[in-house]
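Since this is a predicted model, take the numbers as computed values, not measurements. Excluded from the calculations below are hydrogen atoms, water molecules and symmetry mates; all remaining heavy atoms, backbone and side chain alike, are included.
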Amino acid sequence: MTREPQPFPQRINFTLDGRSLSAEPGETLLQAAKRAGIDIPHLCYKDGLRPDGNCRACVVEIEGERALAASCCRTPSEGMVVKSQDGRPRKAQRLVLELLQSDMAETRHTHRNELDQWWQKMELGRPRFPVRQQPAADLSHPAIAVNLDACIQCTRCLRACREEQVNNVIGYAHRGATSTIVFDAGDNLGESSCVACGECVQACPTGALMPANGNGLAHTEKQVDSVCPYCGVGCQLTYHVSDNRIRYVTGRDGPANNSRLCVKGRYGLDYTHHKHRLTVPLIRRDDAPKQAELGLDHDNPFVGFREANWDEALALAAGGLRNLRDEQGPTALAGFGSAKGSNEEAYLFQKLVRTGFGSNNVDHCTRLCHASSVVALLEMIGSGAVSNPVADVDKAEVILIIGSNTTENHPVAATFIKNQVNLGKTLIVMDPRRTTIAGHATHFLQFKPDTDVALLNAIMHAVIEQGLVDKEFVHNRTSGYEILEEHLSSFTPEAMEHLCGIDAGTIREVARLYASSKASIIFWGMGVSQHVHGTDNARALISLALMTGQIGRPGTGLHPLRGQNNVQGASDVGLIPMVFPDYQRVDNPANRAKFEALWGTTLDPKPGLTVVEIMHAITDGTIRGMYIMGENPAMSDPNLNHARKALSSLQHLVVQDIFMTETAWYADVILPATAFAEKTGSFTNTDRRVQLGRQAIDPPGQARKDLEIIQEMARRLGLDWHYNHPREVFAEMRQAMPSIAGISWERLEQQDAVTYPCEDEDDPGQPVIFTETFPTPSGKASFTPAPFTNADELPDRQYPWVLITGRQLEHWHTGAMTRRAAVLDRIEPIPVASLHPEELARMEIEPGGPVRLQSRRGEVTAFTRADEGISPGQVFLPFCYHEAAANLLTNEALDPAAKIPEFKFCAIKVMPASD
């Protein structure tokens, strides 16, 4: 594709303090001065925030104008003459700094106080003005300390909160000498609606807002640029490290986050220093049998195990697996890899299972989150990857979100969506729960659980009815439309409105908005994928985009938001049972021949078993040994009683992890591994962006890097592997994966992020794909009609409620990391079940009181939370709490195409805990 040369924008020439400068169009005087290395004092200005011009520390004199101008707001004009460093502007700058300094308390809350830094640069003496009466500190919040004695009312925090993160917590109240920063309606921060993203802390120039643990006071020895270890957004950050400890974290100006972070990324990384870290290899004692019903003692997690040296542990770990392989065959073994580890770790792990075990029984958590999305995408458009990055919301007119609690599961991505809504974009949110993102929506469709397909088919019917099908796109770039149109004929909005709970007029309006806009983009989460009809849900979304031509251009497309930090990368490198790296089918002879040549071995032609299938194969006696790296199926699998029984019955289980997780408790050998910040590797975010995570601290005790452990296991299984650095593994991955062939390790080190597909080293990467063809044999996408079907288990008289599970903002996945992060666990320390207030009143339960939830598979007790966003008859329960493990209740019924369990819907009964 030939790119037309773009004309260079006209620069503006002006004079500053006798120097000839030129500014880019739209660049302010202050920005141009900074780029030229000229210091003009400034406090209310910060890169990334809207210029406000309220502190007046940056005033300059412009020839021909009587009043001084704030250089952070003023743009130059051609030939303008400006003075900043003597005469009137310098006197004004000094006076402003002196007045602000007189309001400051003697105590400094941070060594990064920008007012002090400018004070020293300007060589000012003690202020001549009396100090104000200082307000008391507010230490009510677990994450953020409020020290208004250091506040200069620059409003950087307000703009960060309201305009960048769009959380609307911080305000500015009163006038004159009584004016002050406030939270909500003058609440203490701990009692406010603050979500602890810390954007205000990062923006504050004086320490008026600081980390509550005081670590912002300390000078640090080093700063290490890396990425966040949590969700799939892939935020870039910087670790600030002293004494081999992460003292605090700041956001970095990465393409996925523009320096923004959420509460987990900013305050959730001290889990690496938790007292329960695994630091030596452990072997189960002979007198400690694996009993599923006992469970892990979280207060004393190492009971039942003895310490061992690495040679003994590795010999026993690999020897047990080798013996089972040799005696019972390759299919007696299986492996679970991790979406929390690096691409290199996932690649070597799946390679070990395929070449060392001899089967394709390898899977990871993608089976539990977006397997149905990937199956539908591969089937219909030939690729399981997202078509457009999150940042494309700035090019979209309509943003559609379905089945995604975006503000809690992908909070930084949500900020960019909220930014666009504030600019006038249309946001359509469809979900059975009224989540926080719905409060920003132009249209919110709170449909009945389990009716996704009915609603989406009705929207497509309305597209056809209103003549909004993109006939040219359908004719040129798709096949099978006639079958889809016939299938949709019975899904009229009137026929579906009673089924899904959305009136026909709203269905037609949403169809019109989405189909008629110049660019519409769809985001979806696990509310779509985690059903027995999850693949059909995704098929319907794909068909909607195809029939309207809303794909293949900037601002359009399909984006299943990835849940874990490297679930995209782990899937790309083949950590799934039916495909090799780059989604090349294992039962395709040509693919198999390619990897047999690359890996120098014979490979199994039969696709392996998936996560839940493996658990059933264990209880059936087919699988006898497992190697689990960084996964926690004893918390993440559905119907945990069954999963835990399976794990306890394994003849040999090796677990490689950083904590004694619920799964590690069933292990015969536990190998202590490294946390995210203790190793280097590449990670692929939800945008298909490959980024480097860099080692910042050393692992504790005898813990080893995962790549080293995998190789030691491989050698003892008869494989001759010698990779000395992740870059060597990455180089082999490039040979196996055409999608990243153009991305070298050196390029990642220099650029920090490259988007695939990237075919050669001159390719800048392709953020938007499917622009001309689809990666199918015909080059066309195909329509697959989605029939309406119900969940596997519907409410009845005995179990009349619907259980919905998911994540919380502060906690992530099974809680293994976030429950061990001090701030995060202080904010959300106990398991909560959210119910509609009317239901709580009917059962005479006060909010905060205990409630018992029971399904056909198990029961848990949690504490209630009143939530008007959830409909009567429904309960939301996060799955991160071992004290009330939601997956004791969930149904292991599988989507027939994707083999993903039905986490998002099962029938339960709800009772006061006293019953």
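- The minimum heavy-atom distance between Asp668 and Gln651, with the atom names listed, is OD2-O, 3.8 Å.
- Ring orientation note: the planes of Phe523 and His559 are tilted relative to one another, at an angle of 30° to 60°.
- Side-chain atoms of Asn685 come within 3.5 Å of backbone atoms of Val233 as a donor-acceptor pair (strictly under, hydrogens ignored).
- Ring geometry, Phe676 versus Phe683: the interplanar angle falls from 30° to 60°, so the pair is classed tilted.
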Q: Show your reasoning for whether side chain to side chain contact (heavy atoms under 4.5 Å, CB included) applies to Val579 and Asn591.
A: CA-CA 9 Å; Val579 295; Asn591 295 339; over 6 Å; no

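- The two residues Gly555 and Asn388 make their nearest non-hydrogen contact at N-ND2, 3.8 Å.
- A side-chain donor-acceptor contact under 3.5 Å links Tyr347 and Glu732.
- Remark: the Gln656 side chain and the Asp706 side chain contain an N/O donor-acceptor pair separated by less than 3.5 Å.
- Thr684 places none of its side-chain heavy atoms less than 4.5 Å from the side chain of Ile740.
- Looking at heavy atoms from C-beta onward, Cys369 lies in side-chain contact with Val567 at the 4.5 angstrom threshold.
- Taken from NZ in Lys899 to CG in Asp363, the straight-line distance is 11.0 Å, to the nearest 0.5 Å.
- For the 3.5 Å distance criterion, the side chains of Asn632 and Glu662 qualify, holding a donor opposite an acceptor.
- The two residues Gly693 and Val227 make their nearest non-hydrogen contact at CA-CG2, 4.1 Å.
- At least one donor-acceptor pair closer than 3.5 Å links the side chain of Gln530 to the backbone N or O of Leu368.
- Of the possible donor and acceptor atoms, none in the side chain of Glu613 sits under 3.5 Å from a partner among the backbone N and O of Leu609.
- Within the structure, no pair that satisfies the salt bridge (charged side-chain N to carboxylate O under 4.0 Å, His left out) test touches residues 553-574, not counting sequence neighbours.
- Evaluated for a side chain to side chain contact (heavy atoms under 4.5 Å, CB included) with Leu671, the options Val655, Leu314, Leu278 yield exactly one hit, Leu314.
- Between Thr602 and Glu596 there is a side-chain heavy-atom pair separated by less than 4.5 Å.
- Residues Phe595 and Arg354 form no side-chain contact, since every pair of their non-hydrogen atoms from C-beta on lies 4.5 Å or further apart.
- Remark: side-chain polar atoms of Arg592 are paired, donor with acceptor, to backbone N or O of Val586 under 3.5 angstrom.
- Counting heavy atoms from C-beta outward, Thr776 and Ile381 have side chains that stay 4.5 Å or more apart.
- When atom types are taken as modelled, the side chain of Asn409 and the backbone of Gly563 share no donor-acceptor pair closer than 3.5 angstrom.
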Practice item. Go through Val611 and Asp637 one step at a time and tell me if the side chain to side chain contact (heavy atoms under 4.5 Å, CB included) criterion holds. Key: CA-CA 8 Å; Val611 166; Asp637 275 25; 3.5 Å; yes

- request: Check step by step if side chain to side chain contact (heavy atoms under 4.5 Å, CB included) holds for Thr661 and Thr814.
  value: CA-CA 9 Å; Thr661 62; Thr814 64; over 6 Å; no

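- Proximity of a side-chain donor or acceptor of Arg716 to a complementary backbone N or O of Ala317 within less than 3.5 Å is not detected.
- Stacking of Arg477 on the aromatic ring of Phe774 is recorded, both the 6.0 Å distance cut-off and the 45° axial limit being met.
- Without hydrogens or angle criteria, Glu344 side chain to Leu707 main chain gives no donor-acceptor distance under 3.5 Å.
- Atoms CZ and CG, from Arg727 and Leu692 in turn, are 10.0 Å apart once rounded to the nearest 0.5 Å.
- Using bins of under 30°, 30° to 60° and over 60° for the plane-to-plane angle, the ring pair Phe357/Tyr627 lands in the tilted bin.
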query = For Ile521 and Thr556, what are the C-alpha separation, side-chain angles and deciding distance, and is it a side chain to side chain contact (heavy atoms under 4.5 Å, CB included)?
reply = CA-CA 4 Å; Ile521 188 168; Thr556 69; 5.6 Å; no

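- The CZ atom of Arg807 lies 8.5 Å from the SG atom of Cys231; values are rounded to the nearest 0.5 Å.
- Remark: the backbone N or O of Trp745 is not paired with any side-chain donor or acceptor of Arg734 at under 3.5 angstrom.
- Donor-acceptor pairing under 3.5 Å is recorded for the side chains of His722 and Asp720.
- In summary, of the residues considered (Glu708, Gln695, Glu345), a side chain to side chain donor-acceptor pair (under 3.5 Å) with Lys679 occurs for Glu345 alone.
- Contact between Val362 and Gln350 at its shortest, heavy atoms only, is CG2-CA, 4.2 Å.
- The two atoms that bring Gln236 and Pro255 nearest to each other are NE2-CD, 3.6 Å, heavy atoms only.
- Atom-to-atom distance recorded for Ile900:CD1 and Leu894:CG is 9.5 Å, nearest 0.5 angstrom.
- The side-chain tip of Arg704 points at the ring of Trp310 from less than 6.0 angstrom away and within 45° of straight on.
- Under the 4.5 Å side-chain criterion, counting only non-hydrogen atoms from C-beta, Pro726 is not in contact with Val729.
- For the pair Thr610/Met578, a side-chain contact is recorded, criterion being any heavy-atom separation below 4.5 Å from C-beta on.
- Pairs passing the salt bridge (charged side-chain N to carboxylate O under 4.0 Å, His left out) check and including a residue from residues 313-340, sequence neighbours excluded, read Lys340-Glu631.
- Side-chain atoms of Ser387 come within 3.5 Å of backbone N or O of Leu558 as a donor-acceptor pair.
- A search for salt bridge (charged side-chain N to carboxylate O under 4.0 Å, His left out) contacts involving Lys264 returns nothing, not counting sequence neighbours.
- Looking only at distances, a side-chain donor or acceptor of Thr663 sits under 3.5 Å from a matching main-chain atom of Ala634.
- Residues Asp604 and Lys606 are not paired through a salt bridge, judged by the lack of any N-O separation under 4.0 Å between the basic side chain and the carboxylate.
- For the residue pair Gly335 and Phe349, the shortest heavy atom distance occurs at C-CE2, 3.8 Å.
- Side chains of Gln568 and Thr686: no donor on one and acceptor on the other come within 3.5 Å.
- Interatomic distance, OG of Ser739 versus OH of Tyr583, reported as 8.5 Å (0.5 Å rounding).
- Note: Gln691 CD to Asn565 CG = 10.5 Å, rounded to the nearest 0.5 Å.
- Inspection of the Ser372 and Asp895 side chains reveals no N or O donor paired with an N or O acceptor under 3.5 Å.
- Ion pairing of Asp752 with Arg689 is absent here, as no side-chain N (NZ or NE/NH1/NH2) approaches a carboxylate O to less than 4.0 Å.
- Using a 4.5 Å heavy-atom threshold, the side chains of Asn566 and Asn343 count as touching.
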